[in-house]
Enquirer: 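Structure incoming, see below.
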Amino acid sequence: MKSENSLIDRNINIPVHIAIIMDGNGRWAKKRALPRSAGHAAGSKNFKTIARYCNKIGVKYLTVYAFSTENWNRPKEEVDALMNLFRDYLKDTKKFIKENIALKFIGNKKGLAKDIIELMEQAEYDSRNATGLTVNLAINYGGRDEITEAVKEIAELVKNNKINIEDINEQTIENHLFTKNVPDPDLVIRPSGEYRSSNFLIWQSAYAEYWFSDILWPDFKPRHLMKAIEDFNKRNRRFGGV
Ligand code: FPP
């Protein structure tokens with residue numbers, strides 16, 4: 001296919017794991033005098049476009065921040081609208097799976113509606129054999145919450161004499177994160193003109209490259225993703241070395 005060939009021609013390395021903070025839906029809606037929920041609906045549509053594009057160009061993992069542990073503080077109407085968008089998406093994952101995309105979820109299941117948890121588990125099960133892109137949907141996700149849960153699990157192991165304190169290392173912590181077995185993100189993208197990590201993959205992004213842009217998430221097109229990847233290719237990743 002033309003686009004893939006041109007990637008090879010241009011000697012572009014595709015990051016293994018891309019993470020995206022899908023920010024700016026509210027402002028996108030406001031600019032059009034629409035309710036915030038319309039912005040989230042446009043954001044959800046765009047998530048599908050970008051996930052498909054990632055699959056096409058050979059990204060192995062795409063992690064998207066869909067709902068944070070702090071988003072519960074939004075008006076109930078907005079939270080309900082987001083939950084309904086997740087429901088709609090989760091009821092209609094067949095096409096994605098047919099395209100060889102696997103679905104996984106990161107975040108705290110506590111607090112989510114039972115039917116949403118069941119739909120998530122079904123989607124994970126139905127897509128278990130997909131070998132293309134893995135999409136990690138972060139729903140009710142917070143990096144601090146994730147680390148806190150990991151600490152609790154490890155403390156329990158120490159308490160029950162399953163491991164010694166001296167044996168706890170970085171790998172032990174990673175084994176208790178939602179992302180266990182997922183390589184760290186190479187590139188974290190945040191559109192909409194905000195320059196924060198907002199509690200997203202704070203452990204895993206220790207050495208990620210960040211890419212920011214003013215574009216609001218619903219307007220973020222595959223060509224913007226490609227620009228981020230091209231810029232990523234120009235970065236000199238040293239992982240603390242020289
Ligand atoms: C932040 O932008 C965005 C969110 C809190 C929600 C992100 C969710 C989606 C894009 C829908 C995902 C749906 C599926 C099915 C994965 P904001 O609303 O805070 O924007 P603002 O800063 O402009 O107000």
Side-chain angles (χ1 to χ4, degrees), residues 18-55 61-97 99 101-109 111-113 115-124 126-127 133-143 145 178 188-201 212-222 224-225:
I18 297 179
I20 305 182
I21 300 175
M22 303 186 290
D23 198 7
N25 301 334
R27 279 163 284 165
W28 183 93
K30 196 170 178 198
K31 268 170 59 179
R32 289 162 180 77
L34 293 169
R36 290 179 62 81
S37 57
H40 294 314
S44 168
K45 190 162 172 255
N46 198 44
F47 149 69
K48 292 176 213 165
T49 304
I50 294 294
R52 290 199 156 101
Y53 183 66
C54 284
N55 191 35
Y61 298 90
L62 171 69
T63 303
V64 290
Y65 209 2
F67 194 90
S68 76
T69 45
E70 289 70 37
N71 286 152
W72 296 108
N73 297 326
R74 296 191 174 204
K76 182 176 182 305
E77 194 184 288
E78 182 171 348
V79 170
D80 287 350
L82 279 163
M83 293 299 154
N84 283 332
L85 278 176
F86 302 149
R87 278 191 182 90
D88 290 348
Y89 172 66
L90 291 170
K91 283 179 190 161
D92 187 27
T93 54
K94 275 205 188 70
K95 269 196 257 158
F96 250 57
I97 298 170
E99 292 167 35
I101 297 176
L103 291 166
K104 301 250 188 270
F105 300 89
I106 61 170
N108 206 323
K109 297 255 166 70
L112 293 176
D115 69 307
I116 293 192
I117 298 173
E118 283 168 5
L119 287 165
M120 286 171 158
E121 288 170 354
Q122 190 67 48
E124 284 191 343
D126 291 345
S127 66
L133 174 74
T134 294
V135 172
N136 296 309
L137 272 165
I139 298 182
N140 198 20
Y141 175 86
D145 178 62
F178 296 125
V188 178
I189 294 174
R190 181 162 198 163
S192 95
E194 308 287 356
Y195 302 88
R196 296 185 284 277
S197 66
S198 293
N199 206 11
F200 185 45
L201 303 176
F212 299 101
S213 133
D214 287 343
I215 300 148
L216 304 175
W217 172 248
D219 293 329
F220 187 92
K221 302 271 183 302
H224 300 120
L225 185 74

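We number each residue from 1, following the sequence as shown. Read the numbers this way: they start at 1 and go in the same order the structure lists the ligands and their atoms.
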Enquirer: Side chains of Arg87 and Asn84 only: does a donor on one sit below 3.5 Å from an acceptor on the other?
Expert: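 Looking only at side-chain atoms, Asn84 and Arg87 do form a donor-acceptor pair, the distance falling under 3.5 Å.
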Enquirer: Test your reading of the structure: does Trp28 have an N or O sitting under 3.5 Å from an N or O of ligand 1?
Expert: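 Trp28 vs ligand 1: no N/O contact under 3.5 Å.
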Enquirer: When Asp145 is tested against each of Asn108, Asn199, Thr69 for side chain to side chain donor-acceptor pair (under 3.5 Å), which residue passes?
Expert: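 Checked Asn108, Asn199, Thr69 against Asp145; only one passes side chain to side chain donor-acceptor pair (under 3.5 Å): Asn108.
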Enquirer: For His224, which of Ile215, Asp219, Ile50 qualifies under side chain to side chain contact (heavy atoms under 4.5 Å, CB included)?
Expert: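 It is Ile215, the one option of Ile215, Asp219, Ile50 that forms the side chain to side chain contact (heavy atoms under 4.5 Å, CB included) with His224.
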Enquirer: Which heavy atom of the protein is the closest neighbour of atom 3 (C) of ligand 1, given with residue, atom name and distance?
Expert: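 For atom 3 (C) of ligand 1, the nearest protein heavy atom is Met22 O, 3.2 Å.
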Enquirer: Relative to atom 23 (O) of ligand 1, which among Lys45, Lys48, Arg27 owns the nearest non-hydrogen atom?
Expert: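 It is Arg27 whose heavy atom sits nearest to atom 23 (O) of ligand 1.
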Enquirer: I want to know if ligand 1 touches Gly24 in the polar sense, i.e. an N/O pair below 3.5 angstrom.
Expert: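 Yes, at least one N or O pair falls under 3.5 Å.
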Enquirer: Between Trp217 and Phe220, how do the two ring planes meet: parallel, tilted or perpendicular, split at 30° and 60°?
Expert: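 It falls in the parallel class, under 30°.
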Enquirer: Looking only at heavy atoms, is any part of Asn71 under 4.0 Å from ligand 1, and if so is it the side chain, the backbone, or both, or is it neither?
Expert: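 Near ligand 1, Asn71 shows its side chain, while the N, CA, C and O stay back.
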Enquirer: Can you sort out which atoms of ligand 1 are near Gly26, meaning under 4.0 Å from one of its heavy atoms?
Expert: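 Every atom of ligand 1 under 4.0 Å from some heavy atom of Gly26: 17 (P), 18 (O), 20 (O), 21 (P), 23 (O), 24 (O).
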Enquirer: Going by the closest heavy atom to atom 11 (C) of ligand 1, which one wins out of Lys30, Lys31, His40?
Expert: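 Among Lys30, Lys31, His40, the closest heavy atom to atom 11 (C) of ligand 1 comes from His40.
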Enquirer: What residue and atom, counting heavy atoms only, is the protein's closest point to atom 2 (O) of ligand 1, and at what distance?
Expert: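 Result for atom 2 (O) of ligand 1: Asp23 OD1, 3.0 Å.
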Enquirer: Which pair of heavy atoms, one from Lys104 and one from Glu124, lies closest together, and at what distance?
Expert: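 That closest heavy-atom pairing would be CA-OE2, 3.4 Å.
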Enquirer: Given 3.5 Å as the limit, does a donor-acceptor pair link the side chain of Ser197 with the main chain of Phe200, or not?
Expert: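 No; zero donor-acceptor contacts below 3.5 Å.
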Enquirer: Can an N or O of Arg74 be found at a distance shorter than 3.5 Å from an N or O of ligand 1?
Expert: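 Yes, Arg74 has an N/O under 3.5 Å of an N/O on ligand 1.
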Enquirer: Hey, is Ala66 one of the residues with a heavy atom under 4.0 angstrom from ligand 1?
Expert: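 Flag set, Ala66 near ligand 1.
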Enquirer: Should you measure from each heavy atom of Leu137, which atoms of ligand 1 turn up under 4.0 Å away?
Expert: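 Every atom of ligand 1 under 4.0 Å from some heavy atom of Leu137: 16 (C).
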Enquirer: Given 3.5 Å as the limit, does a donor-acceptor pair link the side chain of Arg36 with the main chain of Ala29, or not?
Expert: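 No, Arg36 side chain to Ala29 backbone: no donor-acceptor pair under 3.5 Å.
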Enquirer: Ignoring hydrogens, just give me the one of Asn25, Ile20, Val79, Asp92 whose non-hydrogen atom is nearest atom 9 (C) of ligand 1.
Expert: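 Result: the heavy atom closest to atom 9 (C) of ligand 1 is in Asn25.
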Enquirer: Could you tell me whether the side chain of Tyr65 and the main chain of Ser198 form a donor-acceptor pair under 3.5 Å?
Expert: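 Indeed, once roles are kept as given, a pair shorter than 3.5 Å links the two residues.
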Enquirer: Against ligand 1, does Arg36 come closer than 4.0 Å with any heavy atom?
Expert: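 Within the 4.0 Å threshold, so yes.
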Enquirer: Which ligand 1 atoms are under 4.0 Å away from a heavy-atom of Leu82?
Expert: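 Answer, ordered by atom number: 6 (C), 8 (C).
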Enquirer: Which class fits the ring pair Phe212 and Tyr195: parallel under 30°, tilted 30 to 60°, perpendicular over 60°?
Expert: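 Because their plane-to-plane angle lies in the 30° to 60° range, the rings of Phe212 and Tyr195 count as tilted.
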